[in-house]
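Every value quoted in this text rests on a predicted model; they were computed, and no experiment measured them. First the proteins, then the strands, lettered A, B, ... as listed; each starts at 1.
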Amino acid sequence: MRFSSLSKNTLRALTALIMAAVYVPLALVIMNSFNAATSSTFPVQEFSTKWWVAAWHNEGVREALWTSVKVAFWATLIALILGSMVAFALARYRFFGRNTVNLLVVLPIALPGIVTGVAFSNTFKNVFEPLGINLGLFSIIVGHATFCIVMVFNNVQARLGQMNRGLEEAAMDMGANVFRTFFQVTFPGFRAAFVAGALLAFALSFDEVVVTTFTAAPGTETLPIWIYNNMARPNQAPVVNVIAAVLIIVSMIPVYLSQRLTGADQLERKASKQKQAA
Amino acid sequence: MTTSAISAGPASTAEALPAISLRGLGKSFGNVHAVHELDLEIRQGEFFSLLGPSGSGKTTVLRLIAGFELPTTGTIRLGGTDVTRSAPFERNVNTVFQDYALFPHLTVAKNVEYGLKLHGVPTAERKARVAEALEMIRLPQIADRLPSQLSGGQRQRVALARALVLRPEVLLLDEPLGALDKQLREQMQIELKQIQREVGITFVFVTHDQEEALTLSDRVAVFNEGKIQQVGSPEDLYQRPATEFVAGFLGSTNLLEGRLAAAITGSDALSSLRPERVRVGAPAAHERGVAGLVSESVFTGPGRRLVVAPDGFPEHTLLAEVPHGAPGSTLQRGERVQLAWPADAVYTVPRD
């Protein structure tokens, strides 16, 4: 498809406008985190790192950060184990109800977070609390794992579909048993997708608010929940800017890395395909 | 060239046993019978081809021998040992895969070394055997390259070295030359045959290319629709096809039937006449012949292919391959022609 220069320039301007709408507010947050003033102002009169220091020494922030890391870690771990196993079952075997299982695994990412949240909240209050399991870290982890699984599953399943089964047969042919074949051939084959899925799952869990609100006990705060609770307090506002800036960076790095990983993977495959064609 | 480390051990009592023995071997995928119960014996040191069109079951038989598939019925014996239910890594056979299946993240040397490592061969011996194997395929200089940096022909040879370095009882080759262009394929055919003769290992070679099977093999099994049509030497198959399918699949032929067969051979049984045995000219004493009209005349390089409509049989055609310079090699479409062939060039073929 070819565009006239007018439509090209219009598209360029539109793209710039949309990008600006997304990223200028983020830039403002980061800039304001270095603003010496207590209330956010524009333009910034005086730059300072004092709010970063304050945030570092803030007990509530530290506790929330630690909670967020624990939640993201466990949710990602659960997602890696279950997501990879489901991906294997669906990519490698044909069985009754295969498409249904596929849909059920992917569905949580499409469900509104508020629905997942209410569902978990009710289940925990009505079913688990009488059994002695209360809302808390555990319920947040389980809630997060439902959509983290999808990240791992999607990545790993896509990669498994493209993998050359012949390599596994070749390894077995040369004398590798099932375990060696898996760890020396199969796993290296989808490792990049596995790590990419883990990074995405971690990032997704780290900045999740809605499901967390419903599954956290009143005293438990993850970093995003801490921001939400402190945004309205004037004396905490500058620290909130700092934490928001940190969240932006912490979420962007895993997404960037996972793109690099899957991108590198695809480049390599493309290169080898071209070689074969030549 | 040294191949001592790769060749099979000295002749032993196993020599008398067939290298591979298949008994009542069958494989179904759901309702599809890929392989009907078949019996086959492949001798020690033989270059044996499984030949057939795609979907004829030849690759399935190879994968059953390798252990990648489990048979629905029957048994597989390797050198007398029953391996029917053994895993691939428990069988002393190695495979050269159609797409080579080289490990993309390992160098050529590491690819070849992989199986030796698995078998716990000491480092020094490993290095020596890898070097020797690369010497055998005449590519010692590419040891440190990755598979993606190799040409198709080089990959093919590396796959061969990787399989042979393990000194298997039997080497299985799944259409290994299928991805190569014609010239390289013919060169590799000669090399394969040489290597097989030097190492003395039984080769089981799957191909759909009848010319390749005839050129390379000591014996060939022709497959169609999951059944073996005929087993025999290339000469047997070409000159004495056991079925209509074999006659038609190996080389081109004139299959004569009905009135034309009756007029030419005196019997209306199905018979075959190879086009290269037909010449242009009046039949001599020991010959038979027919007159007709050239309906197509095609230059083939080594000669000319004539499609002739015999007089009185407008619904039939006869193919004749006329070598360059022989009588009739300049005939054009629409010209009259007299064809002749030795009486023994026509043989009857059992109907399927």
Non-hydrogen contacts under 4.5 angstrom with chain B: give the residues of residues 68-75 of chain A involved, or none if there are none. none
Expected contact set for residues 178-187 of chain A against chain B at heavy-atom separation under 4.5 Å reads A:Val178, A:Arg180, A:Gln184, A:Val185
I'd like to know if the side chain of B:Lys58 and the backbone of B:Pro53 have a donor-acceptor N/O pair within less than 3.5 Å.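 Yes, the answer is positive, given that a donor and an acceptor are paired below the 3.5 Å cut-off.
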May I ask you to decide if B:Gly45's main-chain N or O and B:Thr202's side chain share a donor-acceptor pair within less than 3.5 Å?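 It does hold such a pair.
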Report all side-chain donor-acceptor pairs from residues 95-105 of chain A shorter than 3.5 Å, counting only partners two or more places apart or in another chain.
residue	atom	partner	partner atom	Å
A:Arg98	NE	A:Leu90	O	2.9
A:Arg98	NE	A:Tyr93	O	3.2
A:Arg98	NH2	A:Leu90	O	2.9

Kindly state whether the ring of [X] and the ring of [Y] have centres lying under 6.0 angstrom apart.
X	Y	result
B:Phe103	B:Tyr114	yes
B:Phe205	B:Phe47	yes
A:Phe147	A:Phe153	no

Side chain, backbone, both or neither: which part of B:Leu102 has an atom under 4.5 Å from a heavy atom of chain A?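 Just the backbone, heavy atoms under 4.5 Å.
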Counting only heavy atoms not in B:Gln141, do more than 12 sit closer than 6.0 Å to its CD atom? yes
Heavy atoms from other residues, nucleotides or ligands near NZ of B:Lys110 exceed 12 (cutoff 6.0 Å): no
In this structure, CD1 of A:Ile141 is separated from CG of A:Leu77 (nearest 0.5 Å) by 10.0 Å
State the CZ-OG1 distance between B:Arg85 and B:Thr75, to the nearest 0.5 angstrom. 11.0 Å
Looking at A:Gly166, A:Ala170, A:Pro188, which one has more heavy-atom pairs under 4.5 Å with chain B than the rest? A:Ala170
Using only non-hydrogen atoms and a strict under-4.5 angstrom cutoff, which residues of residues 87-95 of chain B touch chain A?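 Counting heavy atoms that sit under 4.5 Å from chain A, the residues of residues 87-95 of chain B involved are B:Pro88, B:Phe89, B:Val93, B:Asn94, B:Thr95.
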Salt bridge B:Arg129-B:Glu113, side-chain N to carboxylate O under 4.0 Å: no
Check this for me: does any side-chain nitrogen of one of A:Glu168 and A:Arg92 sit under 4.0 Å from a carboxylate oxygen of the other?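 Salt bridge between A:Glu168 and A:Arg92, a charged N being under 4.0 Å from a carboxylate O: yes.
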side-chain hydrogen bond (donor to acceptor under 3.5 Å, both in side chains), that's the test. Do B:Asp209 and B:Thr207 meet it? Break it down for me. CA-CA 5 Å; B:Asp209 182 337; B:Thr207 181; 5.4 Å; no
At a 4.5 Å cut-off on heavy atoms, which part of A:Asp173 comes close to chain B: side chain, backbone, both, or neither?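 Its backbone and side chain both get close to chain B.
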Checking side-chain polar atoms at under 3.5 Å, does A:His144 have a donor or acceptor matched by the opposite partner on A:Thr76?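 No, because no side-chain N or O of A:His144 sits under 3.5 Å from a partner of the opposite role on A:Thr76.
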